[in-house]
Each structure stands twice: as structure tokens, then as C-alpha cells.
Amino acid sequence: MTSRDFFESVREAALDAERTRRQLEAMESREGVKAQRYGASVQGGTHDVMAATDARIDRERAWAARIERDYALIDEACEIIYGTDNRGGIASLLGTATADAMFWRYCAAVTWPRVAESVCFSVPWCYKAVAVALDL
């Protein structure tokens, strides 16, 4: 596996973790107290007010291993980028701007314009800095 392959898998894990977080957040937003209706009577059946919460909890359990794998891979990439003590890795070899560009692109899985905005450099600079880091 090349460094590019590794970091692309990290990016996919970050995207998957974010997608999973949003899905769980959407499920959670369907939980809770509903507005009381007055006037019209409701006919038929009972409504399980905990069904949405139970469904979300079941989904969280089912996705727990996947979420754990995603974050473990992201953590591994952060160690490569910043070292285990935040004073090593790519940051110590190529500088913190390059390391930050790597973090934003792969661990945060943002677009190139957002990477550039985050590190206060141009998109071409970020693209080249990341390419150099991957070659290293």
C-alpha cells in the first residue's frame, strides 16, 4: 500500500464517520417530545413514543465497530502527520503548514479550497505540499 493509498483510505474513513454522525443526528432529531394536537381526535392504534430512540440506539450498536475502525485509522494518520507527541511526523520534517494541509485534506476530509482556507495558503500550494508529503 502506498502512502497515497493509505491517506485516501483515511479520507474515506473520515467521510464515513461524518456520514454516520449525520445519520445518527438525523435519527436523534426525530426523537423527543411531539406537539400536542387539540381538536381532532386521533383514531386507531397506539404510538410507541420510544420507537425512534430505540431505533437510533440499535443503529449505534450496529455501527459501533465501523465507527471505531474509522476513528482508529484517522488517529493513526494523525500520528504520522504530527507524531505521537505532536512534535514529530510530517510536521517536524516539512513544517506545520504542510502537516495541517495533510490533516485537513485527509483526516477532516475537506475540499481543496477548504484546505487552503484552513491553512491560509493557496490551493496550488496546498496541493503541492501534500504531494511532497505523500512522496516523503
Side-chain angles (χ1 to χ4, degrees):
M1 172 182 281
T2 67
S3 61
R4 188 170 305 278
D5 293 336
F6 171 76
F7 279 101
E8 284 299 332
S9 68
V10 170
R11 182 172 166 75
E12 285 301 316
L15 290 168
D16 185 58
E18 178 62 15
R19 188 173 37 254
T20 302
R21 183 193 65 77
R22 285 184 183 172
Q23 288 173 354
L24 291 172
E25 195 174 81
M27 292 177 80
E28 191 170 9
S29 73
R30 291 189 289 268
E31 299 171 19
V33 179
K34 303 291 183 198
Q36 175 67 43
R37 292 184 182 170
Y38 296 99
S41 63
V42 177
Q43 297 287 327
T46 60
H47 176 69
D48 182 2
V49 295
M50 291 300 294
T53 301
D54 292 341
R56 178 186 50 82
I57 291 169
D58 290 345
R59 182 66 56 195
E60 284 178 327
R61 283 187 192 129
W63 287 345
R66 184 174 97 191
I67 292 167
E68 189 173 315
R69 278 191 310 272
D70 288 343
Y71 284 114
L73 192 57
I74 294 166
D75 288 345
E76 187 178 342
C78 285
E79 285 185 14
I80 293 168
I81 294 169
Y82 296 108
T84 56
D85 60 357
N86 286 323
R87 294 186 304 210
I90 292 167
S92 69
L93 299 170
L94 299 175
T96 56
T98 298
D100 292 346
M102 290 286 293
F103 170 83
W104 284 106
R105 181 62 183 167
Y106 296 106
C107 298
V110 300
T111 63
W112 285 109
R114 180 77 170 97
V115 171
E117 179 185 324
S118 298
V119 299
C120 301
F121 283 93
S122 68
V123 170
W125 183 92
C126 292
Y127 190 79
K128 182 174 173 138
V130 166
V132 168
L134 290 172
D135 287 343
L136 178 69

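Predicted model, so just to flag it, every value in this text is computed and none were measured. Positions are given from 1, in the same order as the sequence printed here.
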Those residues that, when tested against Glu18, pass salt bridge (Lys or Arg N to Asp or Glu O under 4.0 Å) (two or more places apart): Arg21, Arg22
Minimum side-chain heavy-atom gap Val115-Val123 below 4.5 Å: no
Ring pair (Phe, Tyr, Trp, His ring centres under 6.0 Å) contacts in which one or both residues fall within residues 88-109, not counting sequence neighbours: Phe7-Tyr106
Within residues 80-97 or reaching into it, pairs that qualify as salt bridge (charged side-chain N to carboxylate O under 4.0 Å, His left out) - sequence neighbours excluded: Asp85-Arg87
Residue pairs involving residues 68-79 (criterion salt bridge (charged side-chain N to carboxylate O under 4.0 Å, His left out); sequence neighbours excluded): none
Contacts of type side-chain contact (heavy atoms from CB on, under 4.5 Å), residue Leu93, not counting sequence neighbours: Leu136
Heavy-atom side-chain contact between Val130 and Thr98 under 4.5 Å: no
Pairing residues for Thr2 by the side chain to side chain donor-acceptor pair (under 3.5 Å) criterion, not counting sequence neighbours: Asp5
Test salt bridge (Lys or Arg N to Asp or Glu O under 4.0 Å) applied to Asp100 - qualifying residues, sequence neighbours left out: none
Side chain to side chain donor-acceptor pair (under 3.5 Å): pairs with one or both residues in residues 113-136, sequence neighbours excluded: Arg114-Ser118
All salt bridge (Lys or Arg N to Asp or Glu O under 4.0 Å) counterparts of Arg4, not counting sequence neighbours: none
Exercise: identify the closest heavy-atom pair between Arg105 and Arg11: O-NH1, 2.9 Å
Gap separating the CG atom of Leu73 from the CG atom of Asp16, nearest 0.5 angstrom: 11.0 Å
Exercise: identify the closest heavy-atom pair between Val119 and Cys126: CG2-SG, 3.4 Å
Partners meeting side chain to side chain donor-acceptor pair (under 3.5 Å) with Thr20 (sequence neighbours left out): Arg66
Gap separating the SG atom of Cys107 from the OH atom of Tyr71, nearest 0.5 angstrom: 11.5 Å
From CD1 (Ile90) to CE (Met102), nearest 0.5 Å: 4.0 Å
